[in-house]
Student: 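I'd like to ask some things about the structure below.
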Amino acid sequence: MADRVGRRAVGSAASRRASRHWWDADAASYQAEHGRFLGDADFVWCPEGLTESSAGLLGDVTGRRVLEVGCGAASCSRWLARQGAYPVAFDLSAGMLGEARAAAGRTGTRVPLVQADAEALPFADRSFDVAATAFGAVPFVADPGAVMREVYRVLRPGGRWVFAVTHPMRWIFLDDPGERGLVAVHSYFDRTPYVEYDERGVPTYVEHHRTLGDRVRDLVSAGFTLTDVVEPEWPDGHEQLWGQWSPLRGRLFPGTAIFVAHRPD
C-alpha cells in the first residue's frame, strides 16, 4: 500500500465519499478493536483515557439538549442520556450508526440517531444547548470552518461546543507508536491532507491537518468565544496502544487537543 498513500489536495465531496465508505466498511472491526476501551455507554474524550465524568468539560448536562457530532457508535450519547440529558447523535456512516443501534440493544439505552453531514446539519437554528464530539467529523472534513458555522447555527445563545481532535503537532511525526514516531519528518505548516487511495487513484481515506491557530481562527470566525484548550497528559499506568498513541510518545508530547468554546449570549 506504500504507493497508495500520500499527501494531496482533496475537496469536500471526495472527502465525504471516502469517509462514508471507509467507516461503513471499518465499523465492525473498529468497534471490535476499540469498543471495550470506549465502553457501550461512556464518554471517553481521547486515547489518553480522559472521561467526561472526570473532566466535566460540558458542564451540567441535566435537562440539556445535546448534539453529538460524528458520533460513531454513540457511546457518548448513551452516557449523556444516563446523566439526564436529551442527546441526538449523528454520523455520516450508516455502518457506524448500525453499531450504535447494536450497542443500544445491549445497554437498553436508546438515543435518536441521524445520518448526516457535519458540513450541512439537518437541524433547526438554536435547537441545542450543547454540542460535542470526541474525534468525530472535524478531522475528516475539507472545510472545518463550515462545521464550526453549522454548530454555531444550531446552538442556542450561551450554548457550549467542545471537540477533541488529534493534536496538530502530531502531524510532524510519523504515525508510529515506537521510536520512529519520535522524529519530526513533516512540516507543521503543510495543510495538505493525508490520503489513502485505490488503484484508480480514488481517495478511500482522507484526514485533514490544521494548525492550532487554524482551529482557533475557525472557531472565532464562526462567532464562538474560545474558553479553553485542554491537552490531556498520558496517565501513569495506561499502557494500551491505540494506533499512533502510545505511552512512549504520550509521555513526551501531547496527542490530543480538546477545544472548549461557547456561543455568546
Student: If you measure from OG1 on T204 to CD on E199, what distance do you get to the nearest 0.5 Å?
Tutor: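 Output value for this atom pair is 9.5 Å.
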Student: Heavy-atom distance under 4.5 Å between the side chains of F90 and L121, does that happen here?
Tutor: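 The answer is yes, as the side chains (C-beta and beyond) meet within the 4.5 Å cut-off.
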Student: Other residues, nucleotides and ligands only: do more than 12 of their heavy atoms fall within 6.0 Å of CD on E239?
Tutor: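 Atom CD in E239 is crowded, with more than 12 foreign heavy atoms closer than 6.0 Å.
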Student: Got more than 12 heavy atoms from elsewhere within 6.0 Å of CD, Q115?
Tutor: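 Yes, the 6.0 Å shell around CD holds more than 12 heavy atoms from other groups.
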Student: Between the side chain of S127 and the main-chain N/O of F123, is any donor-acceptor distance below 3.5 Å?
Tutor: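 Judged by distance alone, no pair lies under 3.5 Å.
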Student: Using a cut-off of 6.0 Å, state whether more than 12 heavy atoms not belonging to D236 lie near its atom CG.
Tutor: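 It does not: D236 CG has 12 such atoms or fewer within range.
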Student: Can you tell me how far SG of C71 sits from CD of E99, rounded to the nearest 0.5 angstrom?
Tutor: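 If we round to the nearest 0.5 Å, E99:CD and C71:SG are 11.5 Å apart.
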Student: Are R4 and Y197 in a cation-pi contact, defined as NZ or CZ under 6.0 Å from the six-membered ring centre and within 45° of the axis?
Tutor: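 Judged by the rule (NZ or CZ under 6.0 Å from the ring centre, within 45° of its axis), R4 is not positioned above Y197.
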Student: Does either side chain, that of Y152 or that of E150, offer a donor lying less than 3.5 Å from an acceptor on the other one?
Tutor: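 E150 and Y152 do not have a side-chain donor-acceptor pair below 3.5 Å.
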Student: So, the side chain of D176 versus the backbone of R180: is there a donor-acceptor pair under 3.5 Å, distance only?
Tutor: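 No: the side chain of D176 does not pair with the backbone of R180.
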Student: Taking Y30's backbone N and O only, do any of them form a donor-acceptor pair with H34's side chain (distance below 3.5 Å, no angle check)?
Tutor: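 Absent.
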Student: Show the nearest heavy-atom pair for residues D60 and T62, with the distance to one decimal.
Tutor: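 Scanning both residues completely, I find the closest heavy atoms to be OD1-OG1, 2.9 Å.
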Student: Mark yes when over 12 heavy atoms from residues, nucleotides or ligands other than F37 sit less than 6.0 Å from its CZ; otherwise mark no.
Tutor: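 Yes, because the 6.0 Å sphere around CZ of F37 holds more than 12 heavy atoms from other groups.
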Student: So does E119 pair up with R16, basic N to acidic O under 4.0 Å?
Tutor: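 A salt bridge links E119 with R16.
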Student: Answer yes or no: is there an ion pair linking E196 with R7, defined by an N-O contact shorter than 4.0 Å?
Tutor: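 Here E196 does not pair with R7 in a salt bridge, since their nearest N and O are not under 4.0 Å apart.
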Student: Can R191 and D214 be said to form a side-chain contact (heavy atoms from CB on, under 4.5 Å), step by step?
Tutor: CA-CA 10 Å; R191 278 87 162 175; D214 292 337; 2.9 Å; yes
Student: Do you know which two heavy atoms are closest between P168 and R210, and how far apart they sit?
Tutor: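 Scanning both residues, the minimum pair turns out to be CB-O, 3.3 Å.
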Student: Would you find a donor on one side and an acceptor on the other, under 3.5 Å apart, between the side chain of Q83 and the backbone of W79?
Tutor: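 Yes.
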Student: Would you say the side-chain atoms of D129 pair up with the backbone N or O of G159, donor to acceptor, closer than 3.5 Å?
Tutor: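 Between the backbone of G159 and the side chain of D129 there is no qualifying donor-acceptor contact (under 3.5 Å).
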Student: Do R215 and L219 make a side-chain contact, defined as non-hydrogen atoms from C-beta onward lying under 4.5 Å apart?
Tutor: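 In short, these two side chains do not touch, never coming nearer than 4.5 Å.
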Student: Same hydrophobic cluster for L174 and M169, using side-chain heavy-atom links shorter than 4.5 Å among ILVMFWY?
Tutor: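 Hydrophobic grouping puts L174 apart from M169.
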Student: For Q244 and R170, run side-chain contact (heavy atoms from CB on, under 4.5 Å): C-alpha distance rounded to whole Å, both residues' side-chain angles, the deciding distance at 0.1 Å, then the answer.
Tutor: CA-CA 9 Å; Q244 58 163 301; R170 282 291 177 106; 3.2 Å; yes
Student: What's the verdict on side-chain contact (heavy atoms from CB on, under 4.5 Å) for F173 and H186, showing C-alpha distance, side-chain angles and the deciding distance?
Tutor: CA-CA 6 Å; F173 302 103; H186 301 296; over 6 Å; no
Student: Is any side-chain heavy atom of I258 closer than 4.5 Å to one of P232?
Tutor: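 A side-chain contact exists here, since the closest heavy-atom pair is under 4.5 Å.
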Student: Nearest 0.5 angstrom please: D175 CG to Y194 OH, how far?
Tutor: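 D175 CG to Y194 OH: 7.0 Å, rounded to 0.5 Å.
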Student: Please check if W161 and V229 belong to a single hydrophobic cluster, counting links between Ile, Leu, Val, Met, Phe, Trp and Tyr side chain heavy atoms closer than 4.5 Å.
Tutor: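 In one cluster: yes.
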Student: Look at the side chain of R263 and the backbone N and O of L155, then say whether any donor-acceptor pair between them is shorter than 3.5 Å.
Tutor: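 Pair found, side chain donor or acceptor close to backbone of L155.
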Student: Do E68 and V88 make a side-chain contact, defined as non-hydrogen atoms from C-beta onward lying under 4.5 Å apart?
Tutor: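 With C-beta onward as the side chain, the pair stays apart.
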Student: Please check if L182 and L241 belong to a single hydrophobic cluster, counting links between Ile, Leu, Val, Met, Phe, Trp and Tyr side chain heavy atoms closer than 4.5 Å.
Tutor: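 No, no single cluster joins them.
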Student: Identify the two heavy atoms, one from P203 and one from V195, that lie closest to each other, and give their separation to 0.1 Å.
Tutor: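 Of all heavy-atom pairs spanning P203 and V195, the closest is CB-CG1, 3.9 Å.
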Student: A side-chain contact here means heavy atoms from C-beta on lying under 4.5 Å apart; do C76 and E52 qualify?
Tutor: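 Contact flag for C76/E52 side chains = no.
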Student: Work out which heavy atom in L97 is nearest to a heavy atom in V114; give both atom names and the distance.
Tutor: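 Shortest heavy-atom contact: CD1-O, 3.7 Å.
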Student: Mind listing the closest non-hydrogen atom pair of F259 and L212 along with its distance?
Tutor: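 Closest pair (atom of F259, atom of L212, distance): CZ-CD1, 3.7 Å.
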Student: What is the minimum heavy-atom distance between A118 and A137, and which atoms define it?
Tutor: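 For A118 versus A137, the nearest heavy atoms are CB-CB, 3.7 Å.
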Student: Would you find a donor on one side and an acceptor on the other, under 3.5 Å apart, between the side chain of R78 and the backbone of T107?
Tutor: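 Answer holds: no.
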Student: Okay, side chain of H238, backbone of P47: is any donor-acceptor separation there less than 3.5 Å?
Tutor: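 Pair found, side chain donor or acceptor close to backbone of P47.
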Student: Say you draw a straight line from CZ of R249 to CZ of F253; how long is it, rounded to the nearest 0.5 Å?
Tutor: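 If I round to the nearest 0.5 Å, the distance is 4.5 Å.
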Student: Please test Y188 against H209 for ring-ring contact (aromatic ring centres under 6.0 Å, His included), starting from the C-alpha separation and ending with a verdict.
Tutor: CA-CA 9 Å; Y188 175 78; H209 169 52; 5.7 Å; yes
Student: Answer yes or no: is there a side-chain heavy-atom contact under 4.5 Å between H208 and P193?
Tutor: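 A side-chain contact under 4.5 Å exists here.
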Student: Examine distances only and state if a side-chain atom of R64 and a backbone atom of L58 form a donor-acceptor pair shorter than 3.5 Å.
Tutor: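 Such a contact is absent between R64 side chain and L58 backbone.
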Student: Any non-hydrogen side-chain atom of L113 less than 4.5 Å from a side-chain atom of S77?
Tutor: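 Side-chain contact under 4.5 Å: no.
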Student: Nearest 0.5 Å, please: how far is CH2 in W22 from OG in S93?
Tutor: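 Output value for this atom pair is 12.5 Å.
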Student: Side chains of M148 and D143: closer than 4.5 Å at any heavy-atom pair?
Tutor: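 Result no, sub-4.5 Å side-chain heavy-atom pair not found.
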Student: Short question: side chain of T256, backbone of T166 - any donor-acceptor pair under 3.5 Å?
Tutor: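 Not at all, since once roles are kept as given, no pair shorter than 3.5 Å links the two residues.
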Student: Assess R65 against F128: is NZ or CZ under 6.0 Å from the centre of the six-membered ring, and within 45 degrees of the ring's axis?
Tutor: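 Verdict for F128: a cation-pi partner in R65.
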Student: Would you tell me whether S54 and T51 have side-chain atoms, one donor and one acceptor, within less than 3.5 Å of each other?
Tutor: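 T51 and S54 do have a side-chain donor-acceptor pair below 3.5 Å.
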Student: Is atom OH of Y86 surrounded by more than 12 heavy atoms (other residues, nucleotides or ligands) closer than 6.0 Å?
Tutor: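 Open: at most 12 neighbouring heavy atoms sit under 6.0 Å from OH of Y86.
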Student: Grouping I, L, V, M, F, W and Y whenever their side-chain heavy atoms are under 4.5 Å apart, do F140 and V165 come out in a common cluster?
Tutor: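 Shared cluster, no.
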Student: V111, L67: one ILVMFWY side-chain cluster at the under-4.5 Å cut-off?
Tutor: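 Different clusters.
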Student: To the nearest 0.5 Å, what is the distance between CG (L80) and OG1 (T109)?
Tutor: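 Reported value, rounded in 0.5 Å steps: 11.5 Å.
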Student: Assess R149 against F224: is NZ or CZ under 6.0 Å from the centre of the six-membered ring, and within 45 degrees of the ring's axis?
Tutor: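 The answer is no; the distance or angle limit is not met.
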Student: Please lay out, stage by stage, how W45 and F135 fare under the test side-chain contact (heavy atoms from CB on, under 4.5 Å).
Tutor: CA-CA 8 Å; W45 279 110; F135 282 77; over 6 Å; no
